[in-house]
Trainee: 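Input: one structure, supplied below.
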Amino acid sequence: QVQLVESGGGLVQAGGSLRLSCVASGRTSSSYTMGWFRQVPGNEREFVAAITWSDSRTYYADSVKGRFTISRDNAKNAVYLQMNNLKPEDTAVYYCAADPVLQSSYLIRLRSQYNYWGQGTRVTVSS
């Protein structure tokens, strides 16, 4: 079993920053493509950012590009999401996801392509 555990969520004011962490444990390795998705009640879970296992190429949703940065530490089997200049519309539950084969610039953005998911960490941005 592969487990993904997110941390770092919380309540911040607009314009503030948070750093989310996701650590993989169990039957896993550093050779996973890792992604972040977020979901608001009543909405579909949407793509936020992803990073490939092979060459650490990064991908971002237009809504967060320039504000969020995804990175990984293969030695720790962890992925991070640095979120700066947070806006109220960033409020959501953020989920970490992983897959051992994803690399396509298209498929990497689709939640249906990821095999493993964390339980989520809540981010609330006040006005």
Side-chain angles (χ1 to χ4, degrees):
Q1 295 292 320
V2 175
Q3 296 184 71
L4 303 177
V5 180
E6 304 102 329
S7 63
L11 173 64
V12 299
Q13 294 183 334
S17 298
L18 284 174
R19 185 180 179 87
L20 305 184
S21 298
C22 174
V23 179
S25 62
R27 186 181 174 184
T28 187
S29 71
S30 63
S31 60
Y32 281 79
T33 288
M34 307 289 291
W36 288 96
F37 291 75
R38 66 187 183 186
Q39 187 169 24
V40 177
N43 293 353
E44 297 291 330
R45 190 171 298 184
E46 66 176 359
F47 171 77
V48 175
I51 184 167
T52 63
W53 71 266
S54 57
D55 55 5
S56 294
R57 292 181 64 189
T58 57
Y59 301 85
Y60 298 94
D62 289 341
S63 59
V64 306
K65 189 175 298 182
R67 299 188 297 120
F68 292 9
T69 302
I70 189 171
S71 62
R72 67 188 302 160
D73 186 336
N74 289 345
K76 298 180 179 180
N77 210 17
V79 64
Y80 309 97
L81 185 68
Q82 178 66 46
M83 305 185 295
N84 297 327
N85 191 24
L86 284 162
K87 303 176 180 180
E89 52 262 43
D90 295 319
T91 295
V93 176
Y94 284 71
Y95 297 89
C96 176
D99 190 88
V101 298
L102 275 177
Q103 194 166 2
S104 165
S105 61
Y106 173 70
L107 297 178
I108 202 170
R109 300 172 183 268
L110 305 180
R111 61 183 184 274
S112 63
Q113 300 301 307
Y114 289 82
N115 289 327
Y116 308 106
W117 293 85
Q119 294 299 309
T121 184
R122 187 177 300 276
V123 172
T124 303
V125 184
S126 62
S127 301

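If you're wondering where the values come from, they're calculated on a predicted model, not measured in any experiment.
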Trainee: Which heavy atom in Trp36 sits nearest to a heavy atom in Ser21, and how many Å separate them?
Mentor: CH2-O, 3.7 Å
Trainee: Test salt bridge (Lys or Arg N to Asp or Glu O under 4.0 Å) on Asp62 and Lys65; report intermediate values, then the result.
Mentor: CA-CA 5 Å; Asp62 289 341; Lys65 189 175 298 182; 3.7 Å; yes
Trainee: Would you say the side-chain atoms of Arg57 pair up with the backbone N or O of Thr52, donor to acceptor, closer than 3.5 Å?
Mentor: no
Trainee: Does the side chain of Leu81 come within less than 4.5 Å of Arg38's, by heavy atoms?
Mentor: no
Trainee: Do Lys87 and Ser63 have side chains that approach each other closer than 4.5 Å (heavy atoms only, starting at C-beta)?
Mentor: no
Trainee: Counting distance only, does the side-chain N/O of Glu6 pair as donor-acceptor with the main-chain N or O of Cys96 below 3.5 Å?
Mentor: yes
Trainee: Can you see which heavy atom on Val40 is nearest to which on Ala92, and at what distance?
Mentor: CG2-CB, 3.8 Å
Trainee: Please round to the nearest 0.5 Å and tell me the distance separating atom CG of Leu102 and atom CG of Leu110.
Mentor: 8.5 Å
Trainee: In Å, rounded to the nearest 0.5 Å, how long is the span from OH of Tyr80 to CZ of Arg72?
Mentor: 11.0 Å
Trainee: Trp53 versus Pro100: any side-chain heavy-atom pair under 4.5 Å?
Mentor: no
Trainee: Validate the cation-pi geometry between Arg109 and Tyr59: distance from NZ or CZ to the six-membered ring centre under 6.0 Å, angle to the ring axis within 45°.
Mentor: no
Trainee: Is any side-chain heavy atom of Leu86 closer than 4.5 Å to one of Phe68?
Mentor: yes
Trainee: Report the distance from atom OG1 of Thr33 to atom CD1 of Ile51, rounding to the nearest 0.5 Å.
Mentor: 9.0 Å
Trainee: Report the residues that fulfil ring pair (Phe, Tyr, Trp, His ring centres under 6.0 Å) with Phe47, sequence neighbours left out, ordered by chain and then residue number.
Mentor: Phe37
Trainee: Test of understanding: clusters of I, L, V, M, F, W, Y form through side-chain heavy atoms closer than 4.5 Å, transitively. Do Met34 and Ile108 belong to the same one?
Mentor: no
Trainee: Please set out all donor-acceptor pairs under 3.5 angstrom arising from side-chain atoms of residues 119-127, sequence neighbours excluded.
Mentor:
| residue | atom | partner | partner atom | Å |
| --- | --- | --- | --- | --- |
| Thr121 | OG1 | Gly9 | N | 3.2 |
| Ser126 | OG | Val12 | O | 3.4 |

Trainee: Heavy-atom count around Glu89 CD within 6.0 Å, excluding the residue itself: above 12?
Mentor: yes
Trainee: Would you mind reporting whether Trp117 and Arg45 have side-chain heavy atoms less than 4.5 Å apart?
Mentor: yes
Trainee: Counting C-beta onward and ignoring hydrogens, is there a side-chain heavy-atom pair between Arg67 and Met83 closer than 4.5 Å?
Mentor: no
Trainee: Within the 4.5 Å heavy-atom criterion, are Ile70 and Val79 side-chain neighbours or not?
Mentor: yes
Trainee: For Gln113 versus Asp99, what's the shortest heavy-atom pair and its separation?
Mentor: O-OD1, 2.9 Å
Trainee: Are Val93 and Val48 connected into the same hydrophobic cluster when the rule is that any two of I, L, V, M, F, W, Y join if their side-chain heavy atoms are below 4.5 Å apart?
Mentor: no
Trainee: Tell me whether Tyr94 is reachable from Tyr60 by hopping between hydrophobic residues (I, L, V, M, F, W, Y) whose side-chain heavy atoms are closer than 4.5 Å.
Mentor: yes
